[in-house]
Structures are given as structure tokens and as C-alpha cells.
Protein chains: 2
Amino acid sequence: MTSTLFRALSDPTRLAIFELLARHEHSVSELVDKFEVTQPAISQHLAALLAVRLVSTRRSGRNAYYRARPEGLRPVIDWLRLYQNFWPEKLDSLKAVLDKPSPDKSAKPTKEKHHAPRH
Amino acid sequence: MTSTLFRALSDPTRLAIFELLARHEHSVSELVDKFEVTQPAISQHLAALLAVRLVSTRRSGRNAYYRARPEGLRPVIDWLRLYQNFWPEKLDSLKAVLDKPSPDKSAKPTKEKHHAPRH
DNA sequence: AAAACGTATAAGCTGACGCTTATAGCTTGT
DNA sequence: ACAAGCTATAAGCGTCAGCTTATACGTTTT
């Protein structure tokens, strides 16, 4: 079910975590340092991403390293592709966007401001 | 914020509605006939899709017709494109999938079983 | 072996979400 | 004018998602 994948990406913090993991592997504690939420919250987000196979885990000593799984996005891509069929002209934009060379090679994932400190 | 768009597509019923509207325009009552939820629930889903501009409305007499807005998916596409940068090889799959001519022209959007009656 | 570290899990709280029923507002038909 | 049809909105309710604190468990360090 595609909605399940969308669900996993629908939380701003969790999406930001995924984006970090897409750049490169991080340990849980490294992620904790980058966000304003507690370690359990991070672990819970990772569990959610793991459940839909958007990330993978590797353990080393007392650390757990996570990284994004590109193939995990496949259902989203396939889903979009359907609309290429329904909207041949309109979503040429879709193909075009993906074909067009990136205007900025150093582009970064959505730079979202994470939660502000709350105390 | 991209997560907002994912949020809008994260509910199975709402996603299914969007998929119907991607095929062609429907009035609210037509949608009501196709789902197991009440008319207000449908209207609420439509309001949610409207809020993120995934659909547009047109009124005619006492009917309200809705249709999907392809451009509404643009942020998702752009977001995916970022990962094309990060995962040059891996997500060639992405471009490839989108380039490849559709294997089945009569493909339908995800056929999800909607909610079962609950009484 | 004891202490410190890194992570996962349990339990509880709170707010948001998706649903329902009730109802109001237009529009059309008689 | 009145009734009927179509849609949106309000209010209330149950569930769940995301957060917190507390804690348990394995690993490393001393």
C-alpha cells in the first residue's frame, strides 16, 4: 500500500532524518545531536522508517548505524509513473524534471527548520 | 514543506479519492457512491486535498466537481530528484523507470480495497 | 567487576486525525 | 413558494501518532 510509505514520510522530523540518512550513514547518537527531540523519539522514527524499509541498520559495537535505502522509494516512483500515463502532456513535466540536469549539483535536501527548543 | 504533501496522501481513502480524480473529474456525490464513508467524510478529504492544491474545484449548479492537479505533485517530483543527485547510480532506476514506456497502457491506479462497512 | 555508554522498549500523556450525526445554505424542480 | 437535492460546516467522539520519562540490555572502558 503506497499510502503507508507516504505515511512514513509525512512527519517533518522523520522526513528530515531520512534526508540526512540519504546523504550518508549516521549513528543514532549522531542523529540525536542534530535534532531537538530525545533519543527515544529518534529511535522510534528510525523504527518507523525501518518498518517500511526506507532505511537499513547495521550494528557496530555499541552503535547502531542507519542509512537510507534508495529502493525503498521505488513504490513512490512507480506510483508517480501511473500518472505519467493519465496525464501524458501535463506530467511530461515529470519526466522533464527528472531528465533535466540538476541546476545545482550541491543542492541539499529540503532544509527544514527542526523544532525549536522548548524549554 | 514536502512532508505536508506526503501527509495529504498518507490516508488510504484520501489517496484513493485522489487516484479517482486523476483519472477524471468527479462530483462529490459520485465519490460518495464509490466509498464506504459518509458524504461529510468525503468533503473533508476533498478539503484536505484542496488545501495542498492536489485538486481543484468547479461548481456547476448544485454540484461541485473535483479533479486532480498534476502540478500539485511537483514538490514530490522535485524532492525525488534530489535523491537522484545523492544516489547517482542507485536511482538511475528512478529515471529509468520514468523513461521506460509504460508496459501496460490500461494500467489503473492502485486498486485499494476501501474500508469495509463497519456495522 | 564496575561504571559508563549507546540504543531499544515500555508506559503514559496530549493533541491531532478521521469518522460520525446534525444542520445550514444554495440550487433546481414542481 | 415549497420541496428536494447537493455540498459544506459544526460539534462530538474514539483512536492513534509522536512526544516524554523511566528503564533494561548489550558493549566498551577502566
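Atoms considered below: every heavy atom in the structure, side chains included; atoms not considered: hydrogens, waters and symmetry mates. Residue numbering restarts at 1 for every chain, and letters A, B, ... go by the order of the sequence lines.
Whole-Å rounding puts the B/R14 CZ to C/dC17 P distance at 9 Å. The interatomic distance linking A/H26 (NE2) with C/dT7 (P) rounds to 12 Å, in whole Å. We find that CG of B/L9 is positioned 12 Å from P of C/dG18, with the value rounded to whole Å. Atom CG of A/D11 is separated from atom P of C/dA16 by 13 Å (rounded to the nearest Å). Spacing between atom CZ of B/R7 and atom C1' of D/dG18 amounts to 12 Å, rounded to whole angstrom units. Rounded to an integer number of Å, the gap from CG of A/L31 to C1' of C/dA8 is 15 Å. When rounded to the nearest whole Å, the span between CZ of A/R58 and P of D/dT27 equals 15 Å.
Legend: residues meeting ring pair (Phe, Tyr, Trp, His ring centres under 6.0 Å) with B/Y66, ordered by chain and number and at least two apart, are absent. With sequence neighbours left out, the side chain to side chain donor-acceptor pair (under 3.5 Å) criterion links B/H45 to B/R14. With sequence neighbours excluded, the residues forming a side chain to side chain donor-acceptor pair (under 3.5 Å) with B/R58 are B/E25, listed by chain and number. In terms of the salt bridge (Lys or Arg N to Asp or Glu O under 4.0 Å) criterion, A/R7 has no residue partners (sequence neighbours excluded).
In this structure, B/A8 and B/L49 approach most closely via the heavy-atom pair O-CD2, 4.1 Å.
Looking at A/H24, its side chain never comes within 3.5 Å of a backbone N or O of A/A22 through a donor-acceptor pair.
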### Message
One character per nucleotide, please: for nucleotides 1-9 of chain D, 5' to 3', B when the base has a protein heavy atom closer than 4.0 Å, S when only the sugar-phosphate does, - otherwise.
### Response
---BBSBBB
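A heavy-atom distance below 4.5 Å is not found between the side chains of B/L46 and B/F18. Between B/V28 and B/N63 there is no side-chain heavy-atom pair separated by less than 4.5 Å. Under the 4.5 Å side-chain criterion, counting only non-hydrogen atoms from C-beta, B/L80 is in contact with A/L80.
With a 3.5 Å limit on both pairing distances and Watson-Crick or G-U wobble geometry required, the stems of 3 or more pairs in DNA chain C span C:1-30 with D:1-30.
Of the side-chain N and O atoms in B/T38, one or more sit less than 4.0 angstrom from OP1 or OP2 of C/dT20. Between C/dC17 and B/H45, no contact under 4.0 Å exists linking OP1 or OP2 to a side-chain N or O.
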